[in-house]
Amino acid sequence: NLTAEQIHEIGTAQMQKIQADPKDIDSLQSLADVYYLAGDFASAGAFLEKIVAIDAKNVTALLALGAAQFNLGDAAGAEKLWLEVAAIDPKNVEAHYDLGFMYLSQDPPDMANVKLQWGKVIEIDPNSDVAKTVATHLDSLAPSAAPSASGAPASAAPSAVDRSRRAIAS
């Protein structure tokens with residue numbers, strides 16, 4: 001985890017770059033990632049929206065904006081963005097994973113769409129770690145398995161978190 005001092009340093013440096021060039025997508029994304037990791041999903045979303053205003057088909061920003069909206073309790077907004085990514089790039093594993101997770105988190109879970117979306121993850125990249133994870137989750141959700149209290153696998157989470165951590169660490 002980043003310290004408050006590190007977040008401030010990264011934020012200050014990125015804001016200077018953005019002031020010099022308001023269309024600096026890399027700096028906007030870095031700043032959004034910092035806010036996302038700090039749990040400030042509203043601020044992260046604001047910077048991600050700026051990216052989407054500059055580049056409406058920026059898959060990275062659309063995925064992360066969906067994750068921010070999901071974490072703010074706007075599942076419908078997240079779904080719209082992730083479906084948009086799937087339309088732009090039908091083989092985008094992250095969009096299908098995130099959609100499956102969102103459908104699983106509904107009350108009650110939309111199991112038909114969970115299976116559809118996570119099935120696409122397995123179909124697109126069957127040997128990936130993500131495919132292995134969703135296969136395990138799907139097996140645990142089979143009628144003979146006892147799901148957790150929420151019905152959601154304990155390790156599932158919108159994947160923008162992992163991407164953001166990698167972006168900040170580099």
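Here the structure is a predicted model, which means the values were calculated and not measured.
Under a 3.5 Å cut-off, the side chain of His96 and the backbone N or O of Leu116 do not form any donor-acceptor pair.
For the atom pair CD1 (Ile25) and CD1 (Ile54), the distance works out to 5.0 Å, reported to the nearest 0.5 Å. Rounded to the nearest 0.5 angstrom, Leu104 CG and Met111 CE are separated by 6.0 Å. Atom CG in Leu31 sits 11.0 Å away from atom NZ in Lys17 (nearest 0.5 Å). With rounding to the nearest 0.5 angstrom, the CE atom of Met15 is 14.5 Å from the CD1 atom of Ile10. Annotation: the span from Leu83 atom CG to Lys80 atom NZ amounts to 10.0 Å, rounded to 0.5 Å. We find the CG-CZ distance between Leu65 and Phe47 to be 13.0 Å, quoted to the nearest 0.5 Å.
Counting heavy atoms from C-beta outward, Val34 and Asp40 have side chains that stay 4.5 Å or more apart. Residues Val52 and Leu81 have side chains not in contact (no heavy-atom distance under 4.5 Å, counting atoms from C-beta outward).
For Lys57, the side-chain contact (heavy atoms from CB on, under 4.5 Å) partners are Asp55, Ile88, not counting sequence neighbours. Under the side-chain contact (heavy atoms from CB on, under 4.5 Å) criterion, Gln16 pairs with Thr12, not counting sequence neighbours. By the side-chain hydrogen bond (donor to acceptor under 3.5 Å, both in side chains) test, Asn58 is found to be paired with no residue, residues two or more places apart in sequence or in another chain being considered. With sequence neighbours excluded, the residues that form a side-chain hydrogen bond (donor to acceptor under 3.5 Å, both in side chains) with Gln14 are Ser27. In this structure, Asp89 has no side-chain hydrogen bond (donor to acceptor under 3.5 Å, both in side chains) partners at least two apart in sequence or on a different chain. Applying the side-chain contact (heavy atoms from CB on, under 4.5 Å) rule to Ala135 yields the partners Ile122; only residues at least two apart in sequence or on another chain are considered. With sequence neighbours left out, the side-chain contact (heavy atoms from CB on, under 4.5 Å) criterion links Asp26 to Asp24. Tyr103 pairs by the side-chain hydrogen bond (donor to acceptor under 3.5 Å, both in side chains) definition with Glu79, not counting sequence neighbours.
Nearest heavy atoms, Ala68 versus Tyr36: N-CE1, 3.8 Å. Closest of all the heavy-atom pairs between Ala44 and Ala32 is CB-O, 3.4 Å. A pairwise comparison of heavy atoms in Gly66 and Trp82 identifies C-CZ2, 3.4 Å as the closest pair.
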query = Going through the distances and angles, do Val121 and Glu94 end up as a side chain to side chain contact (heavy atoms under 4.5 Å, CB included)?
reply = CA-CA 8 Å; Val121 169; Glu94 192 171 340; over 6 Å; no

request  = Give the intermediate values and the outcome of side chain to side chain contact (heavy atoms under 4.5 Å, CB included) for residues Gln29 and Leu48.
outcome  = CA-CA 7 Å; Gln29 183 68 57; Leu48 293 163; 3.7 Å; yes

task = For Thr133 and Val130, run side chain to side chain contact (heavy atoms under 4.5 Å, CB included): C-alpha distance rounded to whole Å, both residues' side-chain angles, the deciding distance at 0.1 Å, then the answer.
result = CA-CA 5 Å; Thr133 298; Val130 175; 5.5 Å; no

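The side chain to side chain contact (heavy atoms under 4.5 Å, CB included) with Val85 is formed by just one residue from the set Thr60, Asp98, Asn92, Leu99; it is Asn92.
Contacts classified as ring pair (Phe, Tyr, Trp, His ring centres under 6.0 Å) and involving residues 50-69 (residues at least two apart or in different chains) are not found. Among residue pairs with one or both ends in residues 121-132, none qualify as side chain to side chain donor-acceptor pair (under 3.5 Å); sequence neighbours excluded.
Ring geometry, Trp118 versus Tyr97: the interplanar angle falls under 30°, so the pair is classed parallel (tilted spans 30 to 60°).
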